[in-house]
Number of protein chains: 2
Amino acid sequence: MALEHAILVSLLEQPGSGYELARRFDRSIGRFWTATHQQIYRVLRRMEADGWIAAQEVAQDGRPDKKVYAVARDGRSVLSDWLREPVEPETVRHELAVKIRAAAFDDPAALISEVTRHRESHAALLERYRTGEQRDFPPGTELDPQQQLQHVVLRGGIEYERMTIAWLDDVLATLHRLSR
Amino acid sequence: MALEHAILVSLLEQPGSGYELARRFDRSIGRFWTATHQQIYRVLRRMEADGWIAAQEVAQDGRPDKKVYAVARDGRSVLSDWLREPVEPETVRHELAVKIRAAAFDDPAALISEVTRHRESHAALLERYRTGEQRDFPPGTELDPQQQLQHVVLRGGIEYERMTIAWLDDVLATLHRLSR
DNA sequence: TCCTCCTATGCAACGAGTTTCATAGGCAAC
DNA sequence: GTTGCCTATGAAACTCGTTGCATAGGAGGA
């Protein structure tokens, strides 16, 4: 229900084509909202028809033409209205937690390699976040409001990864204890 | 894709009817997997047809009859196979993070009440988790493997809430700074 | 008595999201 | 020189999840 809004935010930060948006959703925006190019193209067409965004054809050489979208006045007011609505509760889908409880009815040791793999990928993500933080928000710099808000969201991602790594260590210790 | 597996785990922990499962998904299981009664009834019928679970009609007095499901042999092997498959990446949907970045193009102060509301609901959830932890896992008790795994999942929930509350305080400080 | 809530299960319609496939030119490697 | 990858957009089919509605008996309160 809010892919439209995530796209509006991304286009306000920087106008772009469907393809470019799809890549952003694979990277920075994808930290808190995922979408495939199929979804993005479909929603872009609807948003353009509704007058939330406006497209401009851009010819490129050596590459296919692209349609660059920018947020229109109606889109800004839609976003403003949405900002003032209460956030609806997120639907939780924590597959690893289900597996951990499932391990009680199977061999707990079977999960160790999978949990270790998760721990490594979260550690790698934490490293990338911290590198990005030092690059984009070095200490002692004046940040404009947009950057301050981006930074506080990134800090949330960093704290989430830290907490998750510590918890996965706890999970691993428990699995090892049960495997003896 | 894994509602089936969450149901199998819940039925292994305790057999029950569709209605009872729906209530569990509103409570404990709902911490890491949500589902409505519609989804549950539909999936239960498919799982019974596939021989993963077996139903037994139970007549009750003063209440409608119910169908109590238990995991069949095929269901156990399905769960065992699934446990050994890699966890597929979760799709992230963090609406509040989108709104925080959206606030850069609107009035940051408009978000303060909403973030405060979130902080309070996370604090209340943390309290419930900690009460449940003291009740179900008092220190100095011998826990069987199933309880140890339930406990480590609950510890994850507690740490998640703690981290989230600290981050929301950070968000609130940032929003207040920008509102001056 | 009527109203509402709880237990218990289900149908039908819709909307959101995923998967697979298609097109089409340019670039680089082998 | 063909194979594979990147940019760029899209159709079609399908699955998953949500919402609204229906049924039906019993309990409890105003």
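To find a chain, count down the sequence lines: A is the first, B the second, and so on, and within it residues start at 1. Worth knowing before you read on, the calculation uses all heavy atoms, side chains too, and leaves out hydrogens, waters and symmetry mates.
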- Message: Whole angstroms only, please: what is the CD1-P distance between Ile40(B) and dT19(D)?
- Response: 15 Å

- Message: Quick check on salt bridge (charged side-chain N to carboxylate O under 4.0 Å, His left out): which of Lys67(B), Lys66(B), Arg27(B) does Glu20(B) satisfy it with?
- Response: Lys66(B)

- Using atom CD of Glu4(B) as one end and atom P of dT15(D) as the other, report the distance to the nearest whole Å. 13 Å

- Task: Would you check if there is a donor-acceptor pair between the side chains of His176(A) and Arg180(A) at a distance under 3.5 Å?
- Result: no

- Task: Output yes when Arg130(A) and Glu133(A) qualify as a salt bridge under the 4.0 Å nitrogen-oxygen rule, no when they do not.
- Result: no

- Nearest-Å distance, CD (Glu95(B)) to P (dA16(C))? 14 Å

- Query: Can we say Arg84(A) and Asp106(B) salt-bridge, meaning some charged N sits less than 4.0 Å from an Asp/Glu carboxylate O?
  - Reply: yes

- Message: Below 30° counts as parallel, above 60° as perpendicular, anything between as tilted: where do the rings of Trp82(A) and His5(A) land?
- Response: parallel

- Would you say Gln39(B) reaches dT18(D)'s phosphate, i.e. side-chain N/O to OP1/OP2 under 4.0 Å? yes

- What's the CZ-P distance between Arg46(B) and dC14(D), to the nearest Å? 16 Å

- In B/S/- notation, 5' to 3', how is nucleotides 7-13 of chain C contacted by protein heavy atoms closer than 4.0 Å? BBBBB--

- Note on the structure: Whole-Å distance, Leu3(A) CG to dG15(C) C1', equals 13 Å

- In terms of side-chain geometry, is the basic nitrogen of Arg117(A) or Glu114(A) positioned less than 4.0 Å from the acidic oxygen of its partner? yes

